[in-house]
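Keep in mind that this is a model prediction, so the values were computed, not measured.
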Amino acid sequence: MIPRKKWATYTAHEKELMKTAVTHASPDEYFTPEYAAAFIGVSPRTLQSWRDNDSDKLEYSKPCRSVVLYQARILHGFLQRMTYKCTANYRKAS
């Protein structure tokens with residue numbers, strides 16, 4: 001597990017390792033926002049914004065006040081839902 005730190009200080013290699021960890025994880029495994037962000041290609045701040053604005057884009061678990069976790073199954077499902085065959089079919093998420 002890569003230690004948590006400010007998003008801007010992660011190297012491209014560290015982000016790739018986080019993405020790979022989620023890719024090869026059990027569907028029931030949980031990950032921090034940093035790992036989730038690396039996997040889907042956004043920043044942890046974007047994930048926080050989605051949570052803060054009551055967005056239904058990506059489900060998460062909050063086992064206690066200061067801990068947010070994303071399940072691998074949910075992350076993989078999110079990417080599948082965001083797959084398009086034609087840009088005419090793309091609907092920008094609000």
Side-chain angles (χ1 to χ4, degrees):
M1 191 77 135
I2 296 171
R4 292 183 82 175
K5 55 186 177 179
K6 291 190 181 283
W7 184 248
T9 64
Y10 284 107
T11 65
H13 178 68
E14 288 173 318
K15 290 177 184 177
E16 188 61 34
L17 289 174
M18 289 188 279
K19 182 177 180 178
T20 301
V22 177
T23 300
H24 297 295
S26 157
D28 296 326
E29 193 169 341
Y30 285 87
F31 292 93
T32 64
E34 291 80 9
Y35 276 75
F39 181 71
I40 63 174
V42 299
S43 73
R45 179 65 188 108
T46 298
L47 297 178
Q48 181 182 350
S49 178
W50 291 350
R51 292 190 310 268
D52 292 348
N53 294 309
D54 199 26
S55 171
D56 60 358
K57 288 182 183 145
L58 189 58
E59 295 176 24
Y60 61 94
S61 297
K62 195 160 183 169
C64 64
R65 186 175 181 197
S66 63
V67 175
V68 173
L69 298 171
Y70 293 89
Q71 191 175 35
R73 172 189 335 272
I74 301 298
L75 295 171
H76 285 277
F78 175 81
L79 285 185
Q80 287 183 337
R81 287 192 313 276
M82 295 296 139
T83 301
Y84 302 93
K85 291 183 180 181
C86 173
T87 57
N89 297 332
Y90 173 75
R91 184 179 65 90
K92 186 167 179 143
S94 54

Using distance only, find each side-chain donor-acceptor pair of residues 40-47 under 3.5 Å and give its atom names and separation, not counting sequence neighbours.
{"unit_1": "Ser43", "atom_1": "OG", "unit_2": "Arg45", "atom_2": "N", "d": "3.3"}
{"unit_1": "Ser43", "atom_1": "OG", "unit_2": "Thr46", "atom_2": "N", "d": "3.1"}
{"unit_1": "Ser43", "atom_1": "OG", "unit_2": "Thr46", "atom_2": "OG1", "d": "3.2"}

Return all side-chain donor-acceptor pairs below 3.5 angstrom for residues 23-31, not counting sequence neighbours, or 'none' if the list is empty.
{"unit_1": "Thr23", "atom_1": "OG1", "unit_2": "Lys19", "atom_2": "O", "d": "2.8"}
{"unit_1": "Ser26", "atom_1": "OG", "unit_2": "Asp28", "atom_2": "N", "d": "3.3"}
{"unit_1": "Asp28", "atom_1": "OD1", "unit_2": "Arg73", "atom_2": "NH2", "d": "2.1"}

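In this structure, Lys57 forms no cation-pi arrangement with Phe78, as its terminal cationic atom is not both closer than 6.0 Å to the ring centre and no more than 45° off the ring axis.
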Self-check item: Test side chain to side chain contact (heavy atoms under 4.5 Å, CB included) applied to Leu75 and Tyr35, step by step
Solution: CA-CA 10 Å; Leu75 295 171; Tyr35 276 75; over 6 Å; no
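Once rounded to the nearest 0.5 Å, the distance linking CD of Glu34 with NZ of Lys6 reads 11.5 Å. Here the CG-CD distance, from Asn53 to Gln48, works out to 10.0 Å after rounding to the nearest 0.5 Å. Here the CH2 atom belonging to Trp7 is positioned 10.0 Å from the CD atom belonging to Glu14, to the nearest 0.5 angstrom. Note that NE2 of His13 is 10.5 Å distant from CE of Met18, once rounded to the nearest 0.5 Å.
For the side-chain hydrogen bond (donor to acceptor under 3.5 Å, both in side chains) test, no residue two or more places apart in sequence or in another chain qualifies with Ser61.
In this structure, Tyr70 is a member of the same hydrophobic cluster as Val22, with clusters built from ILVMFWY side-chain heavy atoms closer than 4.5 Å. Cluster annotation: Tyr10 and Met1 are assigned to the same hydrophobic cluster (Ile/Leu/Val/Met/Phe/Trp/Tyr, side-chain heavy-atom contacts under 4.5 Å, transitive). The hydrophobic cluster containing Val67 does not contain Ile74, counting ILVMFWY residues as joined when their side-chain heavy atoms lie under 4.5 angstrom apart, directly or transitively.
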